[in-house]
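Working notes, structure below.
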Amino acid sequence: MRYGGEGRSRLLLIVLIVSALFLITLDLRGVGVLEGARQGTQTILSPFQRGGSVVITPFKNFFSDVTHLGRTRNQIEKLRSDNAKLRAALLNRKNADAQLLKLKSILDLAGTAGYKILNARVISQGSSQSFSQTITIDLGTNAGIKKNMTVLTETGIAGVVKEVYSHTALIMLATDPAFRVGVRIAGSQQIGILSGRGSRSGSLQLLDNQTTVKVGDVLLSRGSVANRPFVPGVPVGYVTAVDNSAGAIAQSATVHLYTNFATLGVVAVVVGAPTVNPGDALVPQKPQPTPLPTVTIYVTPSPSPTK
Amino acid sequence: MITRQLSISTPIFILIYGVQEVVVNQFRLPAGGFSVFLIFALVWAILSTPDVAAVSGFVSGLLMDLSPSASGPIGQWTLILLASSYAIAYFGSGNENVKGNPVGVTFFISTTVFFTEILFVITGALLGVQTGSFGQVLLTIFGITLWTLVITPICLPVFSLMHDIALDTRSKI
């Protein structure tokens, strides 16, 4: 009896393992039914994610403030003095203003380069359990979004449309380890490939072993055939460190991405590419240092010594 | 009996999955954050017999695979959670030091989450899933484990009660 029970248990385990391996094989062979299942899940979840995003936004801001406590200490001290009603009103206003500012900046960026864009709200951040870096936006095929379109923020590239559903789309962020974008260095026009590394810093691999890269070089997207997945001229980041190890075939470097992926609220999907390559038109201006007034005091010594 | 258990368990699994996808995934927490659904699946497994744990792990993994943000092929999480759930139930069965003690359960689940993520990275490497640099992977795994250590004691009474109601096992912690 006991052996019968153990045998049945073992059989169950084997059946489940074989089923899982069967699913992996089917998915890797590209069987459409399984992809359809994932799409179905997103279709069901998207209205809830949209609602959840609206409800949870104030809490998200709270967590964001907590994680940046050192930097927002002064702001918190100031807010403490306000009453609760004013604070809630300020919070709502702050959200709207920040989104408006971001949208304006995105429009400025897109307008300069001549990109035709669609603005979208981020309704869900992907889970990090699978080591992927994704977001879900509230626009899909019904708004004209297609797979492999460039996604922008107000400061530069955010990612690329990975999957499209009827009312939502999944965006692979530039920080995703599977993300690759062809880039060129503003000015020198040297080309290379930038890869995501799971954080805000990317890895640049130059294609030509004769060229060099230096700290501070600005990277722009090189553009793809038919402008998909990447339109040309989008700011990507700037070089923070250069790897000069001997024996390397081509130079590599570490790049700081312009986009702050921790605060993605609104993004823009490029649905129409410019007719003319914008070149280096979108290279961000370096911050100008504010001049500090200096006071010079001239002292003339008195003829007689003081006691 | 089985029909009753399934009819109660299924909505619970879907509910927690919904909470994970709709609420928890809205936050980009530092160091990878946590998965309330993964914690739930492992709590469910540790409170069950190895057979039930294997089936619940299979279903939980399948649900995680269906998540649009899952990077691997469908079946990867299914296989991993099946193995993790069976293992946690197998090693926990009969060991009252672990099962009857919330602190023990918390540590046991955090350790399992740690090994589950490592298993994901290893199988991911075999299946061609990009997981990032070694340092980033290490940071994420330790981050997720620490988050699990913090979140599990908060969720444990609720998940334990749900398990008790669904399977009527009187194994409430």
Side-chain angles (χ1 to χ4, degrees), chain A residues 8-9 12-13 16-17 19-28 34-35 37-42 45 48-49 51-53 55-57 59-60 63-64 67 123-136 163 165 168 170 175-179 196-199 203 261-264, chain B residues 18 20-35 37-38 49-51 54-55 57-58 61-83 86 116-117 120-121 123-124 127-133 135-137 139-140 143-144:
Chain A
R8 205 170 52 188
S9 173
L12 173 74
L13 197 62
L16 292 174
I17 289 170
S19 305
L21 291 171
F22 184 62
L23 284 172
I24 293 172
T25 312
L26 285 182
D27 195 56
L28 290 177
L34 295 179
E35 201 46 50
R38 222 171 233 177
Q39 285 197 6
T41 314
Q42 181 56 35
L45 285 172
F48 296 103
Q49 285 176 331
S53 169
V55 176
I56 290 162
T57 300
F59 299 99
K60 275 163 82 174
F63 279 108
S64 174
T67 52
I123 57 169
S124 175
Q125 314 265 0
S127 168
S128 300
Q129 309 299 314
S130 309
F131 301 93
S132 64
Q133 305 270 326
T134 56
I135 53 169
T136 307
E163 295 292 340
Y165 309 101
T168 56
L170 187 74
T175 51
D176 191 288
F179 184 86
R197 290 208 300 202
S199 64
S203 173
F261 296 91
T263 58
L264 287 179
Chain B
Q20 173 66 36
E21 291 293 322
V22 175
V23 181
V24 181
N25 278 0
Q26 300 279 345
F27 300 97
R28 190 166 284 281
L29 296 165
F34 61 92
S35 169
F37 186 69
L38 183 61
T49 60
D51 287 355
V55 176
F58 183 88
L62 194 60
L63 283 170
M64 281 178 79
D65 275 325
L66 289 177
S67 169
S69 61
S71 59
I74 290 180
Q76 191 187 1
W77 270 117
T78 310
L79 186 65
I80 291 167
L81 264 191
L82 163 64
Y86 186 82
T116 303
E117 291 293 337
F120 182 87
V121 174
T123 52
L127 295 168
V129 179
Q130 305 263 9
T131 47
S133 63
Q136 191 64 32
V137 167
L139 179 76
T140 309
I144 290 169

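Note that this is a predicted model, so its numbers are computed, not measured. Throughout, a chain's letter reflects where its sequence line sits, starting with A, and its residues are numbered from 1. Below, all heavy atoms of this structure are taken into account, side chains as well, without hydrogens, waters or symmetry copies.
- Contact of B/Leu139 with chain A is not made at all, since no heavy-atom distance falls under 4.5 Å.
- Once rounded to the nearest 0.5 Å, the distance linking CG of B/Leu81 with CG of A/Leu16 reads 12.5 Å.
- With a 4.5 angstrom heavy-atom cutoff, B/Thr116 does not touch chain A via any of its atoms.
- With a threshold of 4.5 angstrom between heavy atoms, A/Ile17 approaches chain B through its backbone and through its side chain.
- Looking at residues two or more places apart in sequence or on another chain, you find a side-chain contact (heavy atoms from CB on, under 4.5 Å) between B/Leu66 and A/Ala37, A/Thr41, B/Tyr17, B/Ile74.
- The contact between B/Leu38 and chain A is made entirely by side chain atoms (from C-beta outward), counting heavy-atom distances below 4.5 Å.
- A search for side-chain contact (heavy atoms from CB on, under 4.5 Å) contacts involving A/Ala20 returns B/Phe58, B/Thr78, B/Leu79, not counting sequence neighbours.
- Contact annotation for B/Val55: both backbone and side-chain heavy atoms come within less than 4.5 Å of a heavy atom of chain A.
- Nearest approach of B/Gln136 to A/Arg197, heavy atoms of both residues: CG-O, 3.6 Å.
- For a residue to count as touching a neighbouring chain, one of its non-hydrogen atoms must lie under 4.5 Å from one of that chain's; by this rule A/Tyr165 touches chain B with the side chain only.
- A/Ile24 approaches B/Pro73 most closely through the heavy-atom pair CG2-CG, 4.3 Å.
- Only the side chain of A/Leu170 comes within contact range of chain B, with at least one heavy atom under 4.5 Å from a heavy atom of that chain.
- Surrounding CZ of A/Phe261 are more than 12 heavy atoms belonging to other residues, nucleotides or ligands, all under 6.0 Å away.
- The shortest distance between side-chain heavy atoms of B/Asp65 and A/Leu23 does not fall below 4.5 Å.
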